Amino acid sequence: MSAETQNLTDGFHLVIDALKLNDIKTIYHVPGIPVTDLGRFAQAEGMRVISFRHEQHAGYAASIAGYLTQKPGVCLTVSAPGFLNGLTALAHATTNCFPMILISGSSEREIVDLQQGDYEEMDQLAVAKSVCKAAFRVLHAQDIGIAVARAIRAACSGRPGGVYLDLPAKLLGQTMEATAGLKSLVKVIDPAPAYIPSPVAITRALDLLRSAKKPLIILGKGAAYAQADADIRKLVETSGIPYLPMSMAKGLLPDTHPQSASAARSTVLKEADVVMLIGARLNWLLSHGKGKTWGAPGTQKFIHIDIDPKEMDSNIEIAAPVVGDIASAVSALLKGMGPNWQKAPVEWTSVVREKAAANIEKMAPRLQNNNVPMDFHGALGALKRIVAERPDVILVNEGANTLDFARSIIDIYEPRKRLDVGTWGIMGIGMGYCVAAAVETGKPVLAVEGDSAFGFSGMEIETICRYKLPVCIVVFNNGGIYRGTDKNPTGGADVAPTVFVKDARYDKMMEAFGGVGVYATSPDELSRAVKEAIASGKPTLVNAVIDENAGTESGRIGSLNPQSVVGKK
Ligand code: ADP
Ligand code: TZD
Ligand code: MG
């Protein structure tokens, strides 16, 4: 370093220093102009820089890192196409209420704005705005500190979500005096301030709860995100109310908990008279709180705890809105309930418990089958028993049948141990989630993937092997989307659009990168392979051969498909 540059810093280093000052330790990334050196310098400065094969997966990794840690996951991409690849994940983070920051390099402003055709030219800020909570562009090195601070605050405060930060190439090379640079950085104090619900709202909610004959609690992934695990459990147990976890809220209380109503879902949704939603929206996943899934209109009243006031009455009337952060709200409810709270009526809780127990008993023998080729129940029964022995494993899950069956069959025992397709029911989160789950927690990861779902992010198994992550991927290979048996009705040479290559060997892909590949045709073989993978921590892919007839159209959401009166299948 020459004497003149000794006391200088630049845009690259200010971005890194600003992130580090705010305790952000990892960047999920794909290198290229103009951010290659940003990734290199970040690594040199002690950050963990995880380099992916495609930005979408780096983005999904960042989004779920945000969910797991309550700190924004950071994804760093190149301009236009790299940015667009990352944008799907940014939209996903916003939709799922995960804090994330997408940082993209961009081309020369003067050329972009005059549309003169720069390398990877695009007005990225304008494009990003519609899919995130906030979008900022930085033009001067001295503003980097404040921009990163704003991005963190926007991502974490209130309802969490995605934020876009646009860094033009020229900014990164800009210099400023090092001490002034250091002073320009901002450490965000209290990035997610508590949002205390009003005492009136708490009293109203408790009065309604007290009047209930058939109360129900629904826990959503907002409740899991809030990390108020002990108080949430205490609330459920003190109240004695049956609870239903949404898929990513499974494990907040162990799925084997006597108050779990998962196996009596349709009964409780239909019959409950007061429903308390904690960090769960009444969106399509809960049939918007109305229709045949629910009781007759007017027979059910809702308490809704959410940090976003706009969520109240979004689909139906909310009798007791509790606007606040979940930790504060649950603690206020507990305080209001006191030690002598009357537990939920046994006439109700015993009905729910018996219904759930009967359904679980009915299912049990199917989960023990050792059929070859495997069906979903035999294969998932084997995995269920493994997770019961290793509750610390993080389960990543996507697919259609593979998703729906795994969600109901595999019990989860600890909070934030089930990561899945989320609010959009999106395919492609798989390998990005695996990487971030392993990197952020150091825990073993088990991915249960439909063969179609796996294909969306399959190339990232190289990333998993490269970083030697303790990830075991099980591909449920039924030869296609939903099933492998569709035919081309014309009899032409092309196979049906839902069908893949027969007997594909996904396990060999893993071997290509030095990982362990296993071909499993029975639940016993599958079980052995997964146990070994978890014990060794070696990147492993098990190709689990599933009966190509076993699945159904769209898994459990086939009813959402529009129907044709003239089309032939
Ligand atoms: P699920 O898909 O599990 O039903 P949703 O994603 O629909 O869950 O709902 C999550 C909800 O949790 C969102 O409405 C979001 O505003 C809310 N939320 C997220 N974090 C918090 C928090 N700390 N406190 C209160 N509400 C939160
Ligand atoms: N693209 C994206 C990004 N998300 C989607 N949800 C889809 C397409 C549509 N889709 C589903 O909803 S499930 C699915 C697709 C393509 C794949 C289902 O096949 P699978 O699972 O092999 O993963 P099963 O076990 O065969 O049902
Ligand atoms: Mg399939």
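As the structure lists them, so they are numbered: ligands from 1, and atoms in each ligand from 1. Treat the numbers as computed from the prediction; the structure is a model and nothing was measured.
Look at Ala249 and you'll find every heavy atom at least 4.0 Å from all atoms of ligand 1. Note on ligand 1: Gly324 sits in its first shell, one or more heavy atoms being nearer than 4.0 Å.
A search for ring pair (Phe, Tyr, Trp, His ring centres under 6.0 Å) contacts involving Phe52 returns nothing, not counting sequence neighbours. Remark: Glu398 engages no residue in a side chain to side chain donor-acceptor pair (under 3.5 Å) (not counting sequence neighbours).
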Report every pair formed by an N or O atom of ligand 2 and a protein N or O atom separated by less than 3.5 Å, giving atom names and the distance to 0.1 Å.
unit_1, atom_1, unit_2, atom_2, d
ligand 2, 4 (N), Met427, N, 3.1
ligand 2, 6 (N), Gly425, O, 2.8
ligand 2, 21 (O), Ala400, N, 3.2
ligand 2, 22 (O), Asp451, N, 3.2
ligand 2, 22 (O), Asp451, OD1, 2.6
ligand 2, 22 (O), Ser452, N, 3.0
ligand 2, 22 (O), Gly480, O, 3.0
ligand 2, 23 (O), Ala453, N, 2.9
ligand 2, 25 (O), Thr402, N, 3.1
ligand 2, 25 (O), Thr402, OG1, 2.6
ligand 2, 26 (O), Asn478, OD1, 3.2
ligand 2, 26 (O), Asn478, ND2, 2.9
ligand 2, 26 (O), Gly480, O, 3.1
ligand 2, 26 (O), Tyr482, N, 3.1
ligand 2, 27 (O), Asn401, N, 2.8
ligand 2, 27 (O), Asn401, ND2, 2.9

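Panel note: side chain Lys301, backbone Ile318; no donor-acceptor pair is recorded below 3.5 Å. For the pair Asp411 (side chain) and Thr256 (backbone), a donor-acceptor distance under 3.5 Å is absent. Remark: side-chain polar atoms of Asn96 are not paired, donor with acceptor, to backbone N or O of Phe98 under 3.5 angstrom.
At the shortest separation from atom 18 (N) of ligand 1 among protein heavy atoms lies Gly222 CA, 4.0 Å. For atom 11 (C) of ligand 1, the closest non-hydrogen atom of the protein is Asp306 OD2, 3.3 Å. Closest to atom 25 (C) of ligand 1, if we only count protein heavy atoms, is Ile326 CG1, 3.2 Å. Atom 20 (N) of ligand 1 has its closest protein heavy atom at Tyr225 CD2, 3.6 Å. Atom 26 (N) of ligand 1 has as its closest protein heavy atom Ile307 N, 3.1 Å. The protein non-hydrogen atom at the shortest distance from atom 10 (C) of ligand 1 is Gly279 O, 3.1 Å. Among all protein heavy atoms, the one lying closest to atom 23 (N) of ligand 1 is Ala226 CB, 3.9 Å.
Residues Leu90 and Met100 are in side-chain contact: their nearest non-hydrogen atoms beyond the backbone lie under 4.5 Å apart. The shortest side-chain heavy-atom distance between Ile316 and Trp294 does not fall under the 4.5 Å cut-off. At a threshold of 4.5 Å between non-hydrogen side-chain atoms, the residues Val495 and Phe500 do not count as touching. Taking the side chain as every heavy atom from C-beta outward, Arg418 and Ser247 approach each other to under 4.5 Å.
At a 3.5 angstrom cut-off on N or O pairs, Glu311 does not count as close to ligand 1. Any N or O atom pair closer than 3.5 Å counts here, and Arg281 shares at least one such pair with ligand 1. In terms of polar-atom proximity, Arg159 is counted as a contact of ligand 1, with an N or O under 3.5 Å from an N or O of the ligand.
With a 4.0 Å cut-off on non-hydrogen atoms, Cys97 touches ligand 1 through its side chain and not its backbone. Only the side chain of Asn283 comes within contact range of ligand 1, with a heavy atom under 4.0 Å; no backbone atom does.
Looking at Lys187 and Asp23, no side-chain N of the basic residue comes within less than 4.0 Å of a carboxylate O on the acidic one, giving no salt bridge. In summary, Lys250 and Asp255 engage in a salt bridge, as defined by a charged side-chain N under 4.0 Å from a carboxylate O. The pair Asp420-Arg407 does not meet the salt-bridge criterion, since no charged nitrogen lies less than 4.0 angstrom from a carboxylate oxygen.
Here the rule is side-chain contact (heavy atoms from CB on, under 4.5 Å) with Ser522, and of Val545, Asn370, Asn371 only Asn370 fits it.
In this model, a donor atom of one side chain and an acceptor atom of the other lie less than 3.5 Å apart for His257 and Glu237. Looking only at atom types and distance, the side chain of Thr463 has a donor-acceptor partner in the side chain of Glu460 under 3.5 Å away.
Near-neighbour remark for the Mg ion (ligand 3): protein N, O or S atoms under 2.8 Å are Asp451 OD1, Asn478 OD1, Gly480 O; waters not counted.
Under the 6.0 Å cut-off for aromatic ring centres, Phe83 and Tyr164 qualify, their centroids lying closer than that.
The closest non-hydrogen atom to atom 2 (O) of ligand 1, taken over Lys310, Met246, His304, Lys221, comes from Lys221.
Around CD of Glu511, the count of heavy atoms belonging to other residues, nucleotides or ligands within 6.0 Å exceeds 12.
Taking a cut-off of under 4.0 Å to the non-hydrogen atoms of Ala280, the atoms of ligand 1 that pass are 4 (O), 8 (O), 9 (O). Interface atoms of ligand 1 facing Gly220, defined by a heavy-atom separation under 4.0 Å, are 3 (O).
Figure legend: cation-pi geometry between Arg505 and Tyr519, with NZ or CZ positioned under 6.0 Å from the six-membered ring centre and within 45° of its axis.
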